[in-house]
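Comments concern the structure below.
In what follows, chains carry the letters A, B, and so on, assigned in the order in which the sequence lines appear, proteins first and then strands, with residues in each chain numbered from 1. Keep in mind it's a predicted model, so treat the numbers as computed, not measured.
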Amino acid sequence: MLDIQRIRQDTDAVKKGLALTGTDSAIIDQILALDAQRRSLQQEGDELRAQLNNQSKNIGREKDADKRQALISAVGTLKDKLRELSSEVPKVENAFETLMLSIPNIPLPEVPVGEGESGNTEKAVFGDLPEFDFPPKPHWELMEELGIIDFERGQKISGSRFYVLKGQGARLQRALISWMLEVHTEQHGYEELYPPVMVRQECLVGTGNLPKFGENLYRDIEGEHWFVPTAEVPVTNFYREEIIPVASLPIKHVAYTPCFRREKMSHGKDTRGIKRGHQFDKVELVRFEHPDNSRAALEELTEHARKLLTMLGLRHRVLTIGAGDLSFVACMKYDLETWAAGTSEWLEVSSCSLFQDFQARRAKIRFKDNDGKNKFVHTLNGSGLALPRIVISIIEHYQQKDGSIRIPEVLRPYMGGQEFITRSSS
RNA sequence: GGGGAGGUGGCCGAGUAGGUCGAAGGCGCACGCCUGCUAAGCGUGUAUACUUAACGGUAUCGAGGGUUCGAAUCCCUCCCUCUCCGCCA
């Protein structure tokens, strides 16, 4: 959510910023109109209530029964006016609130401009292309041949876009989870959380998934809980409606959770393999920062995620996401993509975003600054990393001529010291 | 799922025949004074949001609704916590 003060004071700048994201800035005029209306209604109401409160005190002081009765009946008109007014207020407030929640964040000035994905720019590429003296295969073939995945039974159990990891496949994913958590906790200073993956609706409003993007979410049939599309939701909301002492900033959390997405928007897309499922696992980094440090924290966070790719020895690149492709809540974002050697494409394995106070304002996450004032923290998050896609990249990058997979060295301690995943080792 | 207790400010804790209570008191914290240092002591201050140029105003005592001129205090609904019993991984 944007600051209404900012919308009032820097109206033109806000409109220009929104235009970059492809948002019709007419919404700002509607908001300003509602804001004015809402404020005048509020003032009117406050004044009436002030009078009423005042009169009531007089009644309390009056001991004489007759005079008292006279005073009581005199208040009647005030009450009528107030009743009338208070039926108006919620309508305006709701309209105002709804619009406020539907405006996206504004890109930072340094974000490349461009419609859609055209503004995305490659910041850097790391690592070499793997060389093969045989035609490399896609992961779904390799994994099936190794017997470390079962697509058919996944579909039998749950339908399309589901699969079952088996044997060394399941173990590889588990190894990645443990390893990533340990790198982030031990080397990067993040505290691990294991949060609920079913959350109340308010949490999703806080992170900006609702009210606009509910169609991509699962919820239980009673409607009380929603399944999280990412650990960002419960971890960010860990501090919802709290005031954090400034000395505790920055707060850095890492969390491993399953994630659930309907993928309604992209049905038919990426249907082969494990690239896009309704359920997948992810290790997520979430940070709460003082506004002065948040921009630098984005670089650090991105490096923390990227370091894993380096350690795994995978070719990867960093994209600076352009204004037209920013998510609803982000004002700056880097994507990390790894090279999938079997399908020859870049896979997004991490999305590192700076939200500034956009989420904090929605979720009311504040800190008490040294001047004694409560301010909104800045939030950031990034995957570190998304599991199925990292599995893809490892399988395809490290495939051998005989169809076995060489396990990256950093993972071997988590895989019982094995060097290869072979048909027989599964 | 059934029975009992309870939800007040950063924390503890008053406040039930409805009235000047945003809320006593204590602790904690901040600033100042005092003090050779420390400790103790003294004084002042110490919720949040919206609104106002400012003084100020309004709202909030788990949430929502109701009664009333007026509610932390009465009524209704819901949520949550603790606890006893049942059930269960």
Side-chain angles (χ1 to χ4, degrees), chain A residues 1-9 11 31-101 194-206 210 219-220 222-226 234 237-249 251 258 288 357-377:
Chain A
M1 196 156 62
L2 298 178
D3 185 359
I4 183 62
Q5 311 277 1
R6 181 178 173 194
I7 296 176
R8 279 184 212 143
Q9 284 157 21
T11 309
I31 282 179
L32 286 173
L34 284 168
D35 180 47
Q37 206 183 340
R38 151 183 162 263
R39 278 193 292 169
S40 82
L41 280 176
Q42 194 198 345
Q43 270 186 55
E44 214 177 313
D46 283 359
E47 234 160 78
L48 287 173
R49 256 180 297 263
Q51 286 179 37
L52 190 62
N53 286 345
N54 206 11
Q55 306 268 6
S56 295
K57 282 178 188 171
N58 288 337
I59 292 169
R61 273 190 285 261
E62 183 56 64
K63 300 298 181 210
D64 183 86
D66 287 345
K67 286 183 183 171
R68 201 182 164 95
Q69 203 46 52
L71 284 172
I72 289 174
S73 44
V75 183
T77 49
L78 266 182
K79 288 205 66 174
D80 290 343
K81 274 196 220 167
L82 201 53
R83 216 189 303 274
E84 208 177 304
L85 198 65
S86 48
S87 68
E88 277 304 305
V89 172
K91 292 182 204 160
V92 178
E93 296 245 287
N94 286 341
F96 175 75
E97 196 68 15
T98 305
L99 287 185
M100 285 298 282
L101 287 174
Y194 180 79
V197 295
M198 296 164 72
V199 299
R200 302 165 175 281
Q201 184 166 321
E202 300 92 275
C203 293
L204 290 150
V205 174
L210 288 177
R219 63 192 301 188
D220 77 356
E222 308 280 324
E224 295 192 0
H225 287 112
W226 297 68
N237 279 279
F238 193 63
Y239 297 99
R240 183 156 54 90
E241 285 158 42
E242 291 193 22
I243 297 170
I244 300 166
V246 67
S248 342
L249 297 177
I251 294 173
F288 303 83
D357 60 4
F358 191 87
Q359 290 183 323
R361 179 168 275 111
R362 288 171 162 249
K364 298 189 181 66
I365 306 169
R366 292 169 293 181
F367 70 99
K368 199 176 274 295
D369 208 349
N370 288 323
D371 58 13
K373 292 201 171 139
N374 292 334
K375 299 174 183 167
F376 290 107
V377 301

Just to be sure I understand the rule, does A:L52 reach a base, reach only the sugar-phosphate, or reach nothing, if contact means heavy atoms closer than 4.0 Å?
sugar-phosphate
Considering only atom P, compute the distance from B:A5 to B:G10 and round it to an integer number of Å.
28 Å
Between CZ of A:R38 and P of B:C50 the distance, given in whole Å, is 9 Å
So A:I4 and A:F96, do their side chains get closer than 4.5 Å, heavy atoms only?
yes
With the side chain of A:I59 defined as its heavy atoms from C-beta on, choose the nearest nucleotide among B:C69, B:A59, B:U51.
B:C69
Once you round it to whole Å, what is the distance between C1' of B:U51 and CG of A:D3?
15 Å
A:D35 vs A:I7, side chain to side chain contact (heavy atoms under 4.5 Å, CB included): CA-CA, chis, key distance, verdict:
CA-CA 10 Å; A:D35 180 47; A:I7 296 176; over 6 Å; no
Give a yes or no on whether A:Q5 atom CD has more than 12 heavy-atom contacts from other residues, nucleotides or ligands under 6.0 Å away.
yes
Check whether any side-chain N or O of A:R83 sits under 4.0 Å from OP1 or OP2 of B:G66, and answer yes or no.
no
For B:U35, give its Watson-Crick or G-U wobble partner with both distances under 3.5 Å, or none.
none
Rounding to the closest angstrom, what is the interatomic distance between B:U16 and B:G7 at atom P?
13 Å
Figure out the CD/P separation between A:Q42 and B:G57, and round it to whole Å.
15 Å
Tell me whether A:K373 is salt-bridged to A:D369, with the criterion being a basic N under 4.0 Å from an acidic carboxylate O.
no
How many whole angstroms separate atom CD of A:Q5 from atom C1' of B:C50?
10 Å
To the nearest angstrom, the NZ-P distance between A:K57 and B:A71 comes to 12 Å
Separation of B:A49 C1' from A:F376 CZ (nearest whole Å):
10 Å
Considering all heavy atoms, the nearest A:L82-A:R49 contact:
CD2-CG, 3.8 Å
Those residues of residues 358-368 of chain A lying under 4.0 Å from RNA chain B by at least one heavy atom
A:R366, A:K368
What is the base-pairing partner of B:A89, counting Watson-Crick and G-U wobble geometry with both distances under 3.5 Å?
none
Quick one: is B:A59 close enough that its OP1 or OP2 comes under 4.0 Å of any side-chain N or O from A:N53?
yes
Could you say whether A:K79 or A:D46 is positioned toward the 5' end of RNA chain B, judged by the nucleotide with the nearest heavy atom to each?
A:D46
Please report the distance separating the C1' of B:C11 from the corresponding atom of B:U67, rounded so that it comes out in whole Å.
35 Å
Whole-Å distance between B:C50 C1' and A:M100 CE?
13 Å
Residue whose nearest RNA chain B nucleotide is more 5′ - A:S73 or A:R39:
A:R39
Whole-Å gap separating P (B:U68) and CG (A:L78):
16 Å
For atom P, what is the distance between B:C78 and B:A72, given to the nearest Å?
23 Å
Please check: side-chain N/O of A:R38 versus main-chain N/O of A:E93, any donor-acceptor pairing under 3.5 Å?
no
When the C1' atoms of B:C21 and B:C76 are considered, how many whole Å apart are they?
25 Å
In whole Å, measure the gap between the P atoms of B:G15 and B:G64 for me.
25 Å
I want to check one thing: is the phosphate of B:U48, taken as OP1 and OP2, less than 4.0 Å away from some side-chain N or O of A:N374?
yes
Please report the closest heavy-atom contact between A:H225 and A:R200, naming both atoms and the distance.
CD2-N, 4.3 Å
For residues A:E44 and A:K81, determine if any side-chain heavy atom of one lies less than 4.5 Å from a side-chain heavy atom of the other.
no
Please state the C1' separation for the pair B:A23 and B:G13 - nearest whole angstrom.
12 Å
Does A:N237 use its side chain to pair, donor to acceptor, with the backbone of A:C203 at less than 3.5 Å?
yes
Using the P atom in both, what is the distance from B:A30 to B:C85, to the nearest Å?
46 Å
Applying a 4.0 Å non-hydrogen cut-off, can you work out what A:Q43 is touching in the nucleic acid: base, sugar-phosphate, or nothing?
sugar-phosphate
